[in-house]
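Scroll down for the structure; my scribbles are underneath it.
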Protein chains: 2
Amino acid sequence: MRMAEVSAKFELSQDTLRYYERIGLIPPVNRNNNGIREYNEDNLRWVEFIKCMRSAGLPIEALIEYVNLFQQGDCTLSARKDLLIEQREQLRLRIEEMVQTMGRLDSKIENYGQSLHETEKALSRS
Amino acid sequence: MRMAEVSAKFELSQDTLRYYERIGLIPPVNRNNNGIREYNEDNLRWVEFIKCMRSAGLPIEALIEYVNLFQQGDCTLSARKDLLIEQREQLRLRIEEMVQTMGRLDSKIENYGQSLHETEKALSRS
DNA sequence: TCTTGACTTGGAGTTCACTCCAGGTGGTAG
DNA sequence: CTACCACCTGGAGTGAACTCCAAGTCAAGA
């Protein structure tokens, strides 16, 4: 699969795909004999995985490290696992904070609801 | 309360506090007759609120709009409520996505666990 | 054969959200 | 009186994460 198709499939610009590859956020993509990238199944899985992890806010640094470890083969299995565990924990904390904040928004909305209710009462009295 | 103390209290740099005020992310803070900011209870509540909302990823744009509406008084109550409802929904979606991603990390970690288990078996066979 | 279009590269440019800086003011301590 | 300190302003600088650009290659179609 070529850039254009991958770009459309994952809604990442071609520039972003090249950028990710350049900084090592995805492993190097195979080229045909004209130097043009031909994404195979593995490449596509990486792109999708990285896009998902970035959307969830995982730091680029950590993901580059993960890709590096991956490319070093099986001797890095436990290091990769540790990295994922650490990132999972960070993600959990962020989610927890966001859930708190959502609760706070709920209360605020609730209060506005009451205010509006007062307004309605005022209106219905008039 | 002066900048230095507010800065320490909320762990926001003095530059950031001034920046937030400049772009309208918090309403103008009262000044003494030397032009120096004196944060009152209201100001502090705004700083804390904005810090919390920014940490949860609410867009600066939306928060500026919220502050603007607030400063226009009670006639904007329902607009403010709508804005909060919209942002709450966006936040909910982000959280949902992140929870999905966390689940995915869990599976991956689980798989690494199995891999290590295989390794251990290999080791124990040797 | 010429053009078109999808790709290549290295490097420059952009945006966001701060962060820093130079030059200045006012109040207090020695 | 001088020094110092915390604050002020407008504006420039920074780092992250893209995003754009110019110049070039290759293959397929008119």
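Note that the coordinates shown come from a computational prediction; the quantities given were computed from them, not determined experimentally. Chain naming here is simple, since letters A, B, ... match the order of the sequence lines and numbering starts at 1 in each.
When all heavy atoms are compared, the tightest approach of B:Glu21 to B:Pro28 is OE2-CA, 3.6 Å.
Here D:dC8 presents its P atom at 14 Å from CG of B:Asn33, a figure rounded to the nearest Å. Rounded to whole angstrom, the span from the CD atom of A:Glu21 across to the P atom of D:dT19 amounts to 17 Å. Whole-Å rounding puts the B:Leu17 CG to D:dA6 C1' distance at 14 Å. Here the C1' atom of nucleotide C:dC20 and the CG atom of B:Leu12 are 17 Å apart, to the nearest Å. Rounded to a whole Å, the CG atom of B:Leu63 is 15 Å from the P atom of C:dC16.
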Protein-nucleotides 15-18 of chain D N/O pairs under 3.5 Å:
| from | atom 1 | to | atom 2 | distance (Å) |
| --- | --- | --- | --- | --- |
| D:dC18 | OP2 | A:Tyr20 | OH | 3.0 |

I'd like a list of close polar pairs between nucleotides 6-9 of chain C and the protein, N/O only, cut-off under 3.5 Å.
| from | atom 1 | to | atom 2 | distance (Å) |
| --- | --- | --- | --- | --- |
| C:dC7 | OP1 | A:Ala4 | N | 3.3 |
| C:dT8 | OP1 | A:Arg37 | N | 3.0 |
| C:dT8 | OP1 | A:Arg37 | NH1 | 2.6 |
| C:dT8 | OP2 | A:Arg18 | NH1 | 2.8 |
| C:dT8 | OP2 | A:Arg37 | NH1 | 3.3 |
| C:dT8 | O5' | A:Arg37 | NH1 | 3.4 |
| C:dT9 | OP1 | A:Arg31 | NH1 | 3.2 |
| C:dT9 | OP1 | A:Arg31 | NH2 | 3.1 |
| C:dT9 | OP2 | A:Arg37 | NH1 | 3.3 |
| C:dT9 | OP2 | A:Arg37 | NH2 | 3.1 |

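Electrostatic pairing of A:Arg92 and A:Glu89 counts as a salt bridge here, judged by a charged N lying under 4.0 Å from a carboxylate O. Comment: B:Glu38 does not engage B:Arg31 in a salt bridge, judged by the lack of any side-chain N to carboxylate O separation of less than 4.0 angstrom.
Under the 6.0 Å distance and 45° angle rule, A:Lys9 does not count as a cation-pi partner of A:Tyr39. Cation-pi geometry between B:Lys108 and A:Phe49 is met: under 6.0 angstrom from the ring centre, within 45 degrees of the axis.
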Derivation and outcome, side chain to side chain donor-acceptor pair (under 3.5 Å), residues A:Arg80 and A:Tyr66: CA-CA 6 Å; A:Arg80 273 184 266 164; A:Tyr66 183 72; 5.1 Å; no
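Judged purely by distance below 3.5 Å, without hydrogens or angles, the side chains of A:Gln100 and A:Glu96 never pair a donor atom with an acceptor atom.
Residues that satisfy the salt bridge (Lys or Arg N to Asp or Glu O under 4.0 Å) test with B:Glu48, not counting sequence neighbours, are A:Arg104.
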